[in-house]
2 protein chains.
Amino acid sequence: MNTAPKTLAHSDCGDCPIRYRAVCSRCEPDELAVLDQLKTYKTYEAGQMICWAGDQLQFVGSVVDGVAALSQTMEDGRRQMVGLLLPSDFVGRPGRETAPFDVIAATDVTLCLFRKAPFEELINSTPSIATRLLEMTLDELDAAREWMLLLGRKTAREKIASFLAILARRETALSAGQTMGKVEFTLPLSREAMADYLGLTLETVSRQVSALKRAGLIELQGKRKITIPDFASLLNETGDDTDGGMPA
Amino acid sequence: MNTAPKTLAHSDCGDCPIRYRAVCSRCEPDELAVLDQLKTYKTYEAGQMICWAGDQLQFVGSVVDGVAALSQTMEDGRRQMVGLLLPSDFVGRPGRETAPFDVIAATDVTLCLFRKAPFEELINSTPSIATRLLEMTLDELDAAREWMLLLGRKTAREKIASFLAILARRETALSAGQTMGKVEFTLPLSREAMADYLGLTLETVSRQVSALKRAGLIELQGKRKITIPDFASLLNETGDDTDGGMPA
DNA sequence: TCCCGTATTTGATCTTGATCAAAGCAAGAT
DNA sequence: ATCTTGCTTTGATCAAGATCAAATACGGGA
């Protein structure tokens, strides 16, 4: 599961994704110099806890490679994943003392980290960075609310189709091509993790994946490699408004 | 349902809640002067659409009185409420062109509005405001993620108990007293709206409310007035970690 | 006060997805 | 090559909640 690191850097901004997504929308040289001095990298193995809900937060940063998950667990063990962190996503809470949720490495993960205190100073002294972070947080909030529709109202089949569609879209977004006929990608999550994300049991996930395969909407190579022969017909299964509109 | 307007203003800051919650954490006189010139009030009747998903956004602002709801609807009519906006909550999207979700007046609602463009200028020129908005948005994000746990994993009974507990907490937060033995309040939502919020049907909501009443955990005066004789025992029904921890 | 329209409650049945249980499979270890 | 071990798939059964269909209660006018 150790894919070669993908380089997501802004063309002008070196190799650390945070400079591109979270900070460097205008590439001010001063800010970059500060960030260069602050950044460190850290890696985690698949399954490892990155932090626990309630932990003191020392760092913020972003995902360089791999997939991390935010999740919550109830006393009796019921678990709900509340966010997926893919490469280039921001991790952490400027202005917060403690982590609100558990963070778990779903695959092997590399993070690019900055000590929180100096990063917060940077935010407070640089409106463009605060604005950029606000924008990203609003995106996350919209995504969370889309997910609430999925969790509250969609059927198991629609949940699976939606999840696959989101991954597929993210895949093709990275590799320029907008053609959207056929898409191939690797599932970053186990059946159990998918269940935790979708508010289902792993058995139901397995059954519905099989059902989509039987229906010819997806093809499987092994357990994790997925081919979507016709993206549009998968979209029909998601329950989403298929025509235009705003992406989440 | 037209309760007398509650005044939520910061003691130093006049009558508009936005100055307290979103902007006026330090009460800079210049900012307040600008905001005073911008603000207007607008009222909506219960049930009225405040805006539709996809609408051009001209304003941002905050709820002064009443309850508004963010919601999404699928083509076949399934609906999921994704946020409740209570007095002092911020409405709108600095930096966004269009509304991501429908906004509906759940009760009669009064909003305090500012034109978006000048408000955005204020944000960009005043780091403390951008930071404050970021903080508020992070709070909303945490609340949305708490809600994902509720939607994905909680039972109908736990959902109802959680919802009532949240309202009760909000009620007592406003009226100083932290005693938390007995709480009384009025439901701001119909059974149908509660169902849309909780990812249930209105029948299931009705049945579970009746069940909680039979169990002596709540009392009803009419349909909408609720008394919680012992808040702690209602909390036991929410499935939440009851001891300490961080509030959402 | 009575009437009407809407919201709520209640009941009977049906469906979906959870739960329990048992194989199946692939990859690494012996 | 065979035996683990840890997923994943599949099957049978069950329960929670949805759906369909009536009652019933409530609130606001005439």
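First the proteins, then the strands, lettered A, B, ... as listed; each starts at 1. Side-chain atoms are counted along with the backbone in the values below, which use heavy atoms only and exclude waters and symmetry mates.
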Atom CZ of B:Arg78 and atom C1' of D:dT19 are separated, to the nearest Å, by 14 Å

Item to complete: Please step through salt bridge (Lys or Arg N to Asp or Glu O under 4.0 Å) for the pair B:Asp89 and B:Arg170, ending with a clear verdict.
Response: CA-CA 12 Å; B:Asp89 281 341; B:Arg170 206 131 175 175; 3.2 Å; yes

Which of C:dT8, C:dC20, D:dT9 is nearest the side chain of B:Ser206? It is C:dT8

To the nearest 0.5 Å, atom CZ of B:Arg153 lies from atom CG of A:Asp196 at 5.5 Å

To the nearest angstrom, the CZ-P distance between A:Arg207 and C:dA23 comes to 16 Å

Side chains of A:Arg96 and A:Val60 in contact at under 4.5 Å (non-hydrogen atoms): no

Just to confirm, is there a sub-4.0 Å distance from OP1 or OP2 of C:dT8 to any side-chain nitrogen or oxygen of B:Arg224?
yes

When rounded to whole Å, the NZ to P distance for the pair A:Lys154 and D:dA18 reads 18 Å

Next on the checklist: Salt bridge check, A:Asp102 against A:Arg79: does any charged N sit closer than 4.0 Å to a carboxylate O?
Outcome noted: no

Among the nucleotides C:dA18, D:dT8, C:dT10, whichever has the atom closest to the side chain of B:Ser210 is C:dT10

Heavy-atom nearest nucleotide on DNA chain D taken for B:Gly222 and for A:Glu192; more 5' hit belongs to A:Glu192

When rounded to whole Å, the CD to P distance for the pair A:Gln221 and C:dC25 reads 18 Å

With a 4.5 Å cut-off on side-chain heavy atoms, are B:Leu111 and B:Val63 touching? yes

In whole angstroms, the gap separating C1' of D:dG17 from CG of B:Leu150 amounts to 15 Å

Of the listed D:dT9, C:dG17, D:dT8, the closest approach to the A:Thr155 side chain comes from C:dG17

Closest to the side chain of B:Thr201, out of C:dT9, D:dT19, D:dT9, is D:dT19

note: B:Gln208, atom CD; D:dA16, atom C1'; distance rounded to Å ~ 9 Å

Against the side chain of A:Ala156, the closest entry in D:dT10, D:dG17, C:dG17 is C:dG17

From the candidates D:dT8, C:dT9, C:dA18, the one with an atom nearest any side-chain atom of A:Thr204 is C:dA18

B:Arg214 CZ to C:dT9 C1', in whole Å, measures 10 Å

A:Lys223 NZ to C:dC25 P, in whole Å, measures 8 Å

